[in-house]
Protein chains: 2
Amino acid sequence: MTRKGHLTVQRKAILDIVSGASDHPTASDVIERLKIQGFNFAYGTVYNSLRYLTDEGLIRELKLDGDASRYDARVEEHQHIVCVKCGKVDEVFAAPPADWLTQIAEETGYAIEDQHFVFKGVCAACKTSKRNTLQ
Amino acid sequence: MTRKGHLTVQRKAILDIVSGASDHPTASDVIERLKIQGFNFAYGTVYNSLRYLTDEGLIRELKLDGDASRYDARVEEHQHIVCVKCGKVDEVFAAPPADWLTQIAEETGYAIEDQHFVFKGVCAACKTSKRNTLQ
DNA sequence: TTTCTTGCAAAACATTTGCAAATCG
DNA sequence: CGATTTGCAAATGTTTTGCAAGAAA
């Protein structure tokens, strides 16, 4: 169905890793996990593949707060929340109220096309444990 | 009042540039504008100063979608919207509805501490002009 | 003098690119 | 064959770091 290119071995392996991960891995994470599985793809190939998969809509690229992009196989519309204590990234599915978006469109004069929200907070597990350092 | 360090010449010059800018400059932008003003600070110094100013709460660091951080002298709580056609970054002041945040806290189990929202859309000027390329 | 800052250059990353070789259809 | 993709290494761009020299308290 897809016009150009195909799910090569490399792309499939990378898609599987992102799909099977629940922690929104970075490109480095992906490379690391590929190594564990015995694959040893070039950096360029991994980035190429991640871009390809993103362009095909099979995964999403997330720019959360760190330096490296993370990848997410859940492509449905959703947002993210990052734990400030343990660094975990979770999904947020509650959609923003339409009238708030309307208000913003009016305030700014923009025709809004897309939104990326990143929440920060303390996750349930970290609320319980009294640890207060990252890591 | 501030405990450590002070507003040195370099830091003041950089703060002035960020404060006087309406376009959320990147570190490179700042360095460029410093040069125009006859300053020629080291890269390290500019980054150090930006971090210092951020830590002091005098400016805010924004991680919008590009690669480089942008800096914003408006430190009041607000969000941003990026024009997908011309790349302009504007402010969004409409606060998210409290009950939506409550809903998210319930859904995720997190104690929300902070939010960063980035909207994308077409700005008023670009809506009018029929241009459809970036830049 | 003790502490903080600067300047400079090198290092550290994340990511992209160029090009030849390999692979796919 | 012709188009795409890979591997590799080098280049790019952003940001950090180490360290000696300079400025400030």
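Both backbone and side-chain heavy atoms feed into the values below; hydrogens, waters and symmetry mates do not.
A straight line from CG of B/Asp55 to P of C/dC4 spans 14 Å, rounded to a whole angstrom. B/Asn40 has its CG atom 8 Å from the P atom of C/dC8, to the nearest Å. Whole-Å rounding puts the B/Phe39 CZ to C/dG7 C1' distance at 16 Å. For the pair B/Leu7 CG and D/dA24 P, the computed distance is 14 Å after rounding to whole Å. Here the C1' atom of nucleotide D/dT5 and the CG atom of A/Leu50 are 15 Å apart, to the nearest Å. The distance from atom CD of B/Gln10 to atom C1' of C/dT5 is 8 Å, rounded to the nearest whole Å. Taking atom CZ of A/Phe41 as the reference point, atom C1' of C/dA22 lies 15 Å away to the nearest angstrom. Regarding B/Leu15, its CG atom lies at a distance of 15 Å from the P atom of C/dT5, rounded to whole Å.
The two atoms that bring A/Phe117 and A/Gln79 nearest to each other are N-OE1, 2.7 Å, heavy atoms only.
Inter-residue side-chain proximity for A/Tyr47 and A/Tyr52 is flagged as unmet; no heavy-atom pair is nearer than 4.5 Å.
Taking only side-chain nitrogens and oxygens, A/Thr8 comes nearer than 4.0 Å to OP1 or OP2 of D/dT6.
Counting only heavy atoms from C-beta on, A/Arg11 has its side chain closest to D/dT6 among D/dC8, C/dG25, D/dT6.
Residues that satisfy the salt bridge (charged side-chain N to carboxylate O under 4.0 Å, His left out) test with B/Asp23, not counting sequence neighbours, are B/Arg33. Residues satisfying the salt bridge (charged side-chain N to carboxylate O under 4.0 Å, His left out) criterion with B/Asp16, sequence neighbours excluded, are B/Lys12.
With no hydrogens or angles considered, a side-chain donor-acceptor pair links B/Asp29 and B/Thr26 at under 3.5 Å.
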Heteroatom pairs (N/O) under 3.5 angstrom, protein to nucleotides 12-18 of chain D:
unit_1	atom_1	unit_2	atom_2	d
D/dT15	OP1	B/Ser69	N	2.8
D/dT15	OP1	B/Ser69	OG	3.3
D/dT15	OP2	B/Tyr47	OH	2.8

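A salt bridge links B/Asp90 with B/Lys88: the closest approach of a Lys/Arg side-chain nitrogen to an acidic carboxylate oxygen falls below 4.0 angstrom.
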